[in-house]
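This report concerns only the one structure given below.
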Protein chains: 2
Amino acid sequence: MVQNISDKPRGRPRAYDRPTALKSMREPFWEKGFSGTSLDDLSAATAMNRPSLYNAFGDKSAAFMEVLEDYIAETRALYVAAFTADVPLREGLRRVYDTAIQIYASEDGKGRGCFMISAALIDSLRDREIAEVVLKALHELDRAFRRRLKIAQQKGELSPNADIDALATVAITLNNTLSVRMRAGEDMATVRKFIDQTIGVICG
Amino acid sequence: MVQNISDKPRGRPRAYDRPTALKSMREPFWEKGFSGTSLDDLSAATAMNRPSLYNAFGDKSAAFMEVLEDYIAETRALYVAAFTADVPLREGLRRVYDTAIQIYASEDGKGRGCFMISAALIDSLRDREIAEVVLKALHELDRAFRRRLKIAQQKGELSPNADIDALATVAITLNNTLSVRMRAGEDMATVRKFIDQTIGVICG
DNA sequence: TATATTTTGTACCATTTTGCATAAAACTCT
DNA sequence: AGAGTTTTATGCAAAATGGTACAAAATATA
């Protein structure tokens with residue numbers, strides 16, 4: 001018997017929206033990391049009380065993993081849009097890095113970096129699953145950069161002799177560095193200069 | 001009146017060596033971060049009891065700052081040695097990255113990344129002083145890369161037309177990325193490939 | 001309206017954590 | 001040897017934290 005999604009469930013209706021709560025938990029985790037975030041922080045961020053949190057997401061560790069995976073899924077879509085835009089390579093790369101910058105900056109303008117790199121990796125030694133999920137997502141981005149440069153080469157935007165994988169590595173390392181620098185509070189002029197310089201090296 | 005360093009102090013002698021204790025505290029902080037490390041962890045790592053820790057380093061926050069600054073001072077010396085070696089650029093860059101890899105790998109072979117990037121930056125939003133210290137140290141490394149490439153250009157190892165600052169940025173972003181990837185458990189073959197590829201792009 | 005069901009809100013418990021108080025220990029100086 | 005000084009060791013108090021029990025609230029169904 002399949003549960004009809006439109007059936008209203010039996011008991012008291014939930015006061016929270018699960019996807020919204022996930023995004024709300026992202027904030028304290030992003031700012032303070034797993035260990036630095038208390039259940040009270042999560043409770044305050046989501047406006048849910050503790051038992052509801054447990055019922056919805058399990059313990060703190062499970063909640064963090066789900067927030068991490070939700071972040072990856074959400075940002076993947078943003079990156080894909082930038083990577084698949086049918087524009088010249090220079091403009092394409094710029095869109096990818098603009099996407100990164102937008103993700104890595106919090107709404108108040110303060111940089112906080114990539115959630116994976118800035119907030120999740122600290123626990124990669126304690127929790128192997130975190131390391132695996134993050135590494136897999138990083139590799140997915142790596143492949144996207146390589147694909148993008150290969151397409152550019154096929155279109156004649158890059159020399160047929162160019163070492164595409166090596167240039168992709170240059171593009172990849174910038175992306176990881178953007179996270180590090182924005183979390184460290186690097187001024188945006190420097191960040192943009194890094195981007196311009198790297199695109200210059202890649203596109204010649 | 002200047003205190004004679006050879007004078008034995010008056011009371012019960014310390015059972016710990018301050019610099020050694022600093023390095024011991026580095027381990028749990030590196031692995032678990034500031035929030036994830038308890039005073040019991042520090043006590044166990046240093047074999048000092050709590051009151052001695054307080055007397056020697058102040059509270060946990062002050063201890064972390066001192067560990068961070070000690071790490072920066074120690075690794076600075078290692079990097080300087082690599083940067084100032086009188087060898088061809090390719091070899092010089094390789095030595096710098098070999099230094100980084102050695103620092104970023106723990107003794108049991110598991111990668112843990114740069115202490116600043118992997119362990120300190122998570123608290124950069126909470127503690128502005130951490131952000132400032134880390135950013136300053138990153139900039140110092142940035143300048144070292146630029147200087148090294150400038151020297152190579154003067155020696156004719158790089159084209160007079162080459163955009164040295166742009167190439168330095170490529171070198172810099174690899175270094176930051178090495179930390180990220182090693183913390184994420186990237187396999188060393190991939191890490192070394194990143195290095196080879198980046199050196200290839202810089203040195204042509 | 002009564003009952004079953006699910007969520008919410010309050011309160012609570014056990015553990016961990018930070019920080020400190022106090023006395024014993026180990027040393028120097030007189 | 002005795003007094004003075006500094007560190008160590010034990011232990012404790014207050015607060016924070018993770019997790020849960022339980023009754024009240026809100027809904028669908030009979």
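Note on naming: letters A, B, ... go to the chains in the order of the sequence lines (proteins, then strands), and numbering restarts at 1 for each one. Fair warning: this is a prediction, and the values are worked out from it, not measured in the lab.
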Any donor-acceptor pair under 3.5 Å from A:Ser52 side chain to A:Met48 backbone: no

Return the value, rounded to whole Å, for the distance between atom [atom1] of [X] and atom [atom2] of [N].
X       : N      : atom1 : atom2 : answer
A:Leu39 : D:dG18 : CG    : P     : 4 Å
A:Phe34 : D:dT17 : CZ    : C1'   : 12 Å
B:Asp59 : C:dC20 : CG    : C1'   : 13 Å
B:Leu42 : C:dG19 : CG    : C1'   : 14 Å
B:Asp41 : C:dT18 : CG    : C1'   : 13 Å
A:Asp40 : D:dG19 : CG    : C1'   : 12 Å
B:Leu53 : D:dT8  : CG    : C1'   : 12 Å

N/O (side chain, B:Lys60) to phosphate O (OP1/OP2, C:dT18) under 4.0 Å: yes

Pairing residues for A:Tyr104 by the ring pair (Phe, Tyr, Trp, His ring centres under 6.0 Å) criterion, not counting sequence neighbours: none

Test ring pair (Phe, Tyr, Trp, His ring centres under 6.0 Å) applied to A:Phe57 - qualifying residues, sequence neighbours left out: none

Side chains of A:Lys155 and A:Lys150 in contact at under 4.5 Å (non-hydrogen atoms): no

Sugar-phosphate only, base, or nothing, as touched by B:Thr37 at under 4.0 Å among non-hydrogen atoms: sugar-phosphate

Residue pair A:Asp41, A:Ser38: steps toward the side chain to side chain donor-acceptor pair (under 3.5 Å) verdict: CA-CA 5 Å; A:Asp41 292 331; A:Ser38 68; 3.2 Å; yes

Nucleic acid footprint by protein, nucleotides 3-11 of chain C - heavy-atom cut-off 4.0 Å, B for base, S for sugar-phosphate alone: -BBBBSBB-

Aromatic ring pairing A:Tyr71/A:Phe115, orientation class (parallel under 30°, perpendicular over 60°, tilted between): tilted

